[in-house]
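In what follows, a single structure is set out as structure tokens and then discussed.
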Amino acid sequence: MFNWMKKKKGKKGDGSTQKEMLKNKQQEQSFQDLFDLAKDSKDFIVYHHTGRTKCVLSYYKTLSGSKFLNDSILPPLKKHTLLTLEDIKEKVPVENAYISKDLKKIKENITQGFVIIRLNEMDEEVLLIPATKNEGRSISIPEVEYSVVGPKEAFVENLDQNMNLIRKRLPIPELTMREVTVGNLTKTRIAVVYVEGIANKENINTVLQRLDDIQYDQIIDSSFITQMVSDNSNSPFPQLLDTERPDRVVGTLVEGKVGIVVDGSPHALTAPTTITEFFSSSDDYFLPWHLATAFRLIRLFAIFFSVLSTPLYVAILTYHHEMIPQELLATISSSRADIPFPPILEVIILELTIELLREAGARLPSKIGQTIGIVGGIVIGTAAVEAGLTSNVLLITVALAALASFTTPVYQIGNTVRLVRFPFIIGAQMWGLVGVSMCMGFFLGHLMNLQSIGRPFFAPLYPLRFHDLKDAFVRLPFNKQKKRPMQMRPVHSARFNPELVKGKRDIDE
């Protein structure tokens with residue numbers, strides 16, 4: 001019996017040994033495969049150093065800085081006789097260099113610009129030295145969220161540069177950055193940023209959890225993250241705020257939100273967010289509160305006008321003629337006298353024409369795009385009226401609706417406004433004003449059910465939070481906003497202590 005057990009144990013031991021041998025063999029093959037595969041690339045350099053220290057340096061010249069290599073790594077190798085990797089590590093004055101045999105780490109680091117040093121070409125133990133070459137465009141003014149007043153810096157594609165823009169505006173040790181890597185092939189670096197002691201832990205952990213759950217081969221831009229971590233990916237409404245302004249990200253972090261900065265993207269994301277935040281501009285905080293409130297209300301009116309103007313045109317002309325004053329009805333009737341189409345076809349033809357001009361203008365170079373937009377709009381609009389395809393009244397209405405949609409300060413919500421207009425038009429054609437009301441009810445219900453990282457998207461209207469209305473449709477003075485938005489459930493809700501606030505005094509008081 002015991003002999004059988006010993007025999008069995010012996011067999012198990014042999015099995016585990018065989019597995020280890022097989023694993024080592026696979027690792028050896030994979031290690032050699034890594035370098036054999038890399039050698040096929042023209043930019044992969046394998047340099048045999050033959051100075052006083054004999055070793056092999058391997059790196060991608062397109063990722064690693066040659067100046068850094070010549071100034072920091074090669075001089076100690078030429079000057080000293082170093083026999084071990086530990087000796088090389090001590091003499092090379094570079095931080096974060098380390099020795100490893102981990103194939104996974106070696107594979108990751110060599111594609112991130114690290115220089116690999118081996119004493120012999122067949123060695124598995126290597127010294128990894130960070131020598132990443134950081135190249136990219138310089139910081140420029142915002143192109144999508146331009147503001148007349150306020151800061152003129154926008155994010156760029158480099159993650160470290162973007163973090164610098166955030167940190168210099170928020171120079172406190174509580175500003176915390178956690179980095180994760182997402183993308184099976186692209187290995188994209190993503191920074192999750194928040195202020196410790198203000199941001200709710202549940203929000204932070206939800207963001208980290210959803211980033212960790214992403215399984216996709218490529219993450220090229222922050223818009224990928226928006227679509228993958230949103231609560232409802234089938235909704236046309238964006239559930240994370242996308243911005244290219246560092247000052248806006250800092251403002252949201254101080255309120256208790258979580259920022260997501262993606263390497264390679266000039267836009268950052270903030271969450272959780274609300275529907276009202278998409279209609280507030282950075283200018284709102286740089287102008288006096290009464291001007292900011294007035295402009296914000298004008299913007300909200302423009303959004304409703306952009307969505308509802310053409311559906312109301314279809315509904316009233318098709319079902320509710322009696323709602324139009326007699327004088328205006330005569331004008332509309334004369335303008336539509338030669339139109340062979342019903343209002344619905346007339347509206348769809350013109351709306352699609354406007355969308356075609358928008359898309360063409362957006363895809364062409366900026367100067368040509370502007371010319372196409374202006375000339376194409378005037379020529380096609382005039383020709384459509386003269387050809388009897390549309391009326392003057394509708395042309396003016398559609399042009400104003402298109403103009404109103406451009407008042408949205410966030411690009412993503414502008415696209416949503418363009419899209420949601422069409423269900424309203426179809427509803428207006430089918431049931432008149434009842435159809436418009438039904439569409440409105442449907443979208444309100446959808447918005448009330450929508451969430452952003454687990455928080456209500458339609459707040460502060462639903463659930464109703466009176467306190468948060470101070471910076472929703474209006475923007476009250478800063479001294480009236482003593483608490484941070486409760487929607488974010490911040491750890492510390494107070495922005496400042498009102499008891500310490502002193503009145504405005506002259507110097508001699």
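- Heavy-atom minimum distance, Ala154 versus Pro246: CA-CD, 4.0 Å.
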message: One pair to check against side-chain contact (heavy atoms from CB on, under 4.5 Å): Asp247 and Ser282. What are the steps and the verdict?
response: CA-CA 8 Å; Asp247 54 300; Ser282 298; 4.1 Å; yes
Taking only distance into account, with no hydrogens and no angle test, what donor-acceptor pairs under 3.5 Å do side-chain atoms of residues 455-467 form with protein atoms, sequence neighbours excluded?
from	atom 1	to	atom 2	distance (Å)
Arg455	NE	Asn203	OD1	3.0
Arg455	NH2	Asn203	OD1	3.3

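- The ring-ring contact (aromatic ring centres under 6.0 Å, His included) test applied to Tyr59 returns no partner, not counting sequence neighbours.
- Between Phe237 and His446, the ring-plane angle classifies as tilted under the 30° and 60° cut-offs.
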- request: Check the pair Thr181, Lys187 against side-chain contact (heavy atoms from CB on, under 4.5 Å), reporting the backbone distance first and the verdict last.
  value: CA-CA 6 Å; Thr181 303; Lys187 308 290 182 190; 3.9 Å; yes
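- With hydrogens and angles ignored, the 3.5 Å screen pairs a side-chain donor or acceptor of Asp468 with a backbone N or O of Met486.
- Two residues are said to be in side-chain contact when any heavy atoms from C-beta on lie closer than 4.5 Å; Ile425 and Pro311 meet this criterion.
- Residues Met440 and Phe424 meet the side-chain proximity criterion, which asks for heavy atoms closer than 4.5 Å.
- A search for side-chain contact (heavy atoms from CB on, under 4.5 Å) contacts involving Met228 returns Ile214, Tyr216, Ile219, Phe224, not counting sequence neighbours.
- Closest non-hydrogen pair, Arg484 versus Val254, comes out as NE-O, 2.7 Å.
- Evaluation of the salt bridge (Lys or Arg N to Asp or Glu O under 4.0 Å) test over residues 294-306, restricted to residues two or more places apart or in two chains, returns Asp284-Arg296, Asp284-Arg299, Arg296-Asp471.
- Between the CG atom of Leu389 and the CG atom of Leu345 there is a distance of 11.0 Å, given to the nearest 0.5 Å.
- One finds the CD1 atom of Ile225 at 11.5 Å from the CD1 atom of Ile220 (value rounded to the nearest 0.5 Å).
- More than 12 heavy-atom neighbours from other residues, nucleotides or ligands sit within 6.0 angstrom of NZ on Lys133.
- A search for ring-ring contact (aromatic ring centres under 6.0 Å, His included) contacts involving Phe442 returns nothing, not counting sequence neighbours.
- Screening residues 406-427 for salt bridge (Lys or Arg N to Asp or Glu O under 4.0 Å) gives Glu351-Arg421, Glu355-Arg418, Glu359-Arg418 as the qualifying pairs, with residues at least two apart or on separate chains.
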For residues 314-325, which side-chain donor-acceptor pairs fall under 3.5 Å, sequence neighbours excluded?
from	atom 1	to	atom 2	distance (Å)
Thr318	OG1	Val314	O	2.5
Tyr319	OH	Gln429	O	2.7
Tyr319	OH	Met430	O	3.0
His320	NE2	Leu433	N	3.1
His321	ND1	Leu317	O	3.4
His321	NE2	Leu317	O	3.1

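- Side-chain atoms of Asp212 and Val180, non-hydrogen and from C-beta on, never get closer than 4.5 Å to each other.
- A distance-only check finds no donor-acceptor pair linking the side chain of Ser452 to the backbone of Ala271 [under 3.5 Å].
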- prompt: side-chain contact (heavy atoms from CB on, under 4.5 Å) between Val192 and Leu208: does it pass, once the steps are laid out?
  reply: CA-CA 8 Å; Val192 177; Leu208 289 169; 3.8 Å; yes
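- Using a 4.5 Å cut-off on side-chain heavy atoms (C-beta onward), Thr252 and Glu277 make contact.
- In this structure, the side-chain hydrogen bond (donor to acceptor under 3.5 Å, both in side chains) partners of Ser405, at least two apart in sequence or on a different chain, are Arg358.
- Taking all atoms of both residues into account, the shortest heavy-atom contact from Gln112 to Thr132 is O-OG1, 2.7 Å.
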Taking distance alone, no hydrogens or angles, what donor-acceptor pairs closer than 3.5 Å link side-chain atoms of residues 287-295 to residues at least two apart or in another chain?
from	atom 1	to	atom 2	distance (Å)
Thr293	OG1	Trp289	O	2.8
Thr293	OG1	Arg475	N	3.0
Thr293	OG1	Arg475	O	3.2

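- Between Leu159 and Val261, some side-chain heavy-atom pair lies under the 4.5 Å cut-off.
- Among residues at least two apart or in separate chains, salt bridge (Lys or Arg N to Asp or Glu O under 4.0 Å) pairs with a member in residues 141-169 are Arg137-Glu157, Glu145-Arg248, Glu153-Lys168, Glu153-Arg169, Asp160-Arg189.
- Within the structure, salt bridge (Lys or Arg N to Asp or Glu O under 4.0 Å) pairs that include any residue of residues 218-244 comprise Arg210-Asp231 (at least two apart or interchain).
- Side chain of Asn205 to backbone of Lys201: a donor-acceptor contact under 3.5 angstrom is found.
- Side-chain contact between Thr273 and Phe278: present, with at least one pair of heavy atoms (C-beta onward) separated by less than 4.5 Å.
- The side-chain contact (heavy atoms from CB on, under 4.5 Å) test applied to Leu395 returns Leu350, Val385, not counting sequence neighbours.
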